[in-house]
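Naming: A, B, ... by sequence-line order, numbering from 1 per chain.
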Number of protein chains: 2
Amino acid sequence: MTKSRAQTTQKKQQASSTPQGPCPMPSIARLIGGKWKLIILQILIFNGTKRFNELRRSIDGITQTMLTNQLRALEADGLIARRIYPEVPPRVEYSATARAMDLQDMFLAMHKWWVDGEKGGDNP
Amino acid sequence: MTKSRAQTTQKKQQASSTPQGPCPMPSIARLIGGKWKLIILQILIFNGTKRFNELRRSIDGITQTMLTNQLRALEADGLIARRIYPEVPPRVEYSATARAMDLQDMFLAMHKWWVDGEKGGDNP
DNA sequence: AACAATAGTATCAATTTTCGTACTACGTAC
DNA sequence: GTACGTAGTACGAAAATTGATACTATTGTT
């Protein structure tokens, strides 16, 4: 099924509640879950704006279909901005939005956790 | 397919490399990806040890099949400890391991990010 | 005897995610 | 004329994830 651009991928939230309101983990799982979203976001957040094939070459194993799908979903969720230059051949640039840039702490925490695990030999 | 207990779910890592070594994002995606793992881990990390049906009742929409599957996978990855008491009816307790407890910063960063998004009206 | 709780297992089905491959139009290089 | 790069589209297939449902043995309660 082809979704129109900018249509949210998120369904009505059914997360259990906490005193601070609905628990965000199911929503966050939908936003950054899947095989490729974390690495795409990490690249755009920490390495800046990239074009389609730069991303494709940076990510081992991803297909162009999947890259397109994931970029569209991330754009729909407001985490990526897509900028088209009216040129030939086509030039399209992808950037992390401000909202995505605010995920830096999460990525740093993940990375630190992994590195600590490497040192302790605890990583799966 | 039924996996034996404690057998890792992780396939050979194919992540692209960084100057600091292989990029951990694909591995982290496999560890905490999927629909239910984040919320299971969050509950066990922040609310302490739970039994099976306590978890089941805490999480809206999860089926017993999925809860069992996800607990097994998390245990296999060393993020959850499962303790069986030889009682009738059965008493099984699930806890976050030390390794999982080290994910608190990641969860706090995620939660803060979401709460900031709620305030700014930016959440999908 | 019936019901409930416990923590699942087993099996099949449904849904979602990911992949594979052929194709597109244009400009440039050879 | 052919090949390449660009950033995809289209469509069907495969794989993975998630769900639905019936069932299990034991104890305790009514």
Side-chain angles (χ1 to χ4, degrees), chain A residues 1-5 8-11 14-15 25-26 29-40 44 49-77 80-95, chain B residues 1-5 8-11 14 26 29-40 44 49-77 80-95:
Chain A
M1 175 226 178
T2 306
K3 297 187 183 64
S4 61
R5 195 68 56 90
T8 186
T9 58
Q10 184 177 349
K11 289 173 183 167
Q14 290 179 305
M25 294 305 147
R30 280 194 287 278
L31 286 177
I32 60 169
K35 190 171 169 179
W36 301 111
K37 284 176 177 173
L38 279 183
I39 191 166
I40 291 169
L44 294 180
T49 295
K50 297 289 178 187
R51 296 175 65 177
F52 184 91
N53 273 347
E54 285 179 311
L55 281 171
R56 192 175 171 194
R57 287 191 290 268
S58 299
I59 302 172
D60 281 340
I62 198 166
T63 63
Q64 66 182 31
T65 311
M66 273 318 297
L67 182 55
T68 302
N69 284 349
Q70 298 299 286
L71 289 171
R72 292 300 168 85
L74 288 165
E75 186 189 3
D77 288 332
I80 285 187
R82 176 170 185 264
R83 184 169 177 177
I84 303 169
Y85 296 79
E87 297 175 10
V88 174
R91 177 154 70 102
V92 180
E93 286 183 354
Y94 291 94
S95 312
Chain B
M1 174 226 180
T2 307
K3 298 184 180 67
S4 62
R5 194 70 55 92
T8 186
T9 58
Q10 184 177 351
K11 290 173 185 167
Q14 290 178 305
R30 280 194 288 277
L31 286 177
I32 62 169
K35 190 173 170 178
W36 302 109
K37 284 178 178 173
L38 280 183
I39 190 166
I40 292 169
L44 293 180
T49 296
K50 298 290 179 187
R51 298 175 65 175
F52 185 90
N53 274 346
E54 285 178 312
L55 281 171
R56 192 174 172 195
R57 286 190 291 268
S58 299
I59 303 173
D60 282 339
I62 198 166
T63 63
Q64 66 182 33
T65 312
M66 271 319 296
L67 182 54
T68 302
N69 284 349
Q70 298 299 286
L71 289 171
R72 291 302 168 83
L74 289 165
E75 185 189 4
D77 290 330
I80 286 187
R82 177 170 184 263
R83 183 170 179 179
I84 304 169
Y85 296 82
E87 296 175 10
V88 173
R91 177 154 71 101
V92 180
E93 286 183 355
Y94 291 93
S95 312

Measure [atom1]/[X] against [atom2]/[N] and give the value in whole Å, please.
X	N	atom1	atom2	value
A:Ile84	D:dG8	CD1	P	7 Å
A:Ile59	C:dC19	CD1	C1'	15 Å
B:Arg83	C:dT6	CZ	C1'	18 Å
A:Arg91	D:dG8	CZ	C1'	17 Å
A:Lys37	C:dT16	NZ	C1'	12 Å
B:Glu87	C:dT6	CD	P	13 Å
A:Asn53	D:dG5	CG	P	9 Å
B:Arg30	C:dT17	CZ	P	18 Å

Under 3.5 Å, which donor-acceptor pairs link side chains of residues 49-57 of chain B to any protein atom two or more places apart or in another chain?
{"residue": "B:Thr49", "atom": "OG1", "partner": "B:Ser95", "partner atom": "OG", "Å": "2.9"}
{"residue": "B:Arg51", "atom": "NH2", "partner": "B:Pro90", "partner atom": "O", "Å": "3.4"}
{"residue": "B:Glu54", "atom": "OE1", "partner": "B:Arg51", "partner atom": "N", "Å": "2.7"}
{"residue": "B:Arg56", "atom": "NH1", "partner": "B:Gln64", "partner atom": "OE1", "Å": "3.2"}

Quiz item: Which one, D:dA7, D:dT9, C:dG8, comes nearest to the side chain of A:Val92?
Solution: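 Side chain of A:Val92 sits closest to D:dA7.
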Quiz item: Which nucleotide sits closest to the side chain of A:Phe52: D:dA7, C:dA7, C:dT9?
Solution: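 The listed nucleotide nearest to A:Phe52's side chain is D:dA7.
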Check whether any side-chain N or O of [X] sits under 4.0 Å from OP1 or OP2 of [N], and answer yes or no.
X	N	result
A:Arg57	D:dT6	yes
A:Arg82	D:dA7	no
A:Arg56	D:dG5	no

So, taking the atom named [atom1] in [X] and the one named [atom2] in [Y], what distance separates them when rounded to the nearest 0.5 Å?
X	Y	atom1	atom2	value
A:Leu74	A:Trp36	CG	CH2	13.5 Å
A:Ile80	A:Tyr94	CD1	OH	8.0 Å
A:Ile39	A:Ile59	CD1	CD1	5.5 Å
B:Ile32	B:Ile40	CD1	CD1	12.5 Å

Quiz prompt | Partners passing salt bridge (Lys or Arg N to Asp or Glu O under 4.0 Å) against B:Arg91 (at least two apart in sequence or in another chain) | solution =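 Salt bridge (Lys or Arg N to Asp or Glu O under 4.0 Å) check on B:Arg91 returns B:Glu87, B:Glu93.
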Practice problem: Kindly determine whether B:Arg82 and B:Val92 satisfy side chain to side chain contact (heavy atoms under 4.5 Å, CB included), including the steps that lead there. | Solution: CA-CA 7 Å; B:Arg82 177 170 184 263; B:Val92 180; 3.7 Å; yes
Write out a two-atom table: protein N or O, nucleotide N or O from nucleotides 18-28 of chain D, distance below 3.5 Å.
{"residue": "D:dT18", "atom": "OP1", "partner": "B:Lys35", "partner atom": "N", "Å": "2.6"}
{"residue": "D:dG19", "atom": "OP1", "partner": "B:Lys35", "partner atom": "NZ", "Å": "2.8"}
{"residue": "D:dG19", "atom": "OP2", "partner": "B:Trp36", "partner atom": "NE1", "Å": "2.9"}
{"residue": "D:dA20", "atom": "N6", "partner": "B:Thr65", "partner atom": "OG1", "Å": "2.9"}
{"residue": "D:dT21", "atom": "O4", "partner": "B:Thr65", "partner atom": "OG1", "Å": "3.1"}
{"residue": "D:dA22", "atom": "N6", "partner": "B:Gln64", "partner atom": "NE2", "Å": "3.0"}

Exercise. Give A:Tyr85 one of three labels, base, sugar-phosphate or nothing, depending on what nucleic acid heavy atoms sit under 4.0 Å from its own.
Key: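 Nothing, no heavy atom under 4.0 Å.
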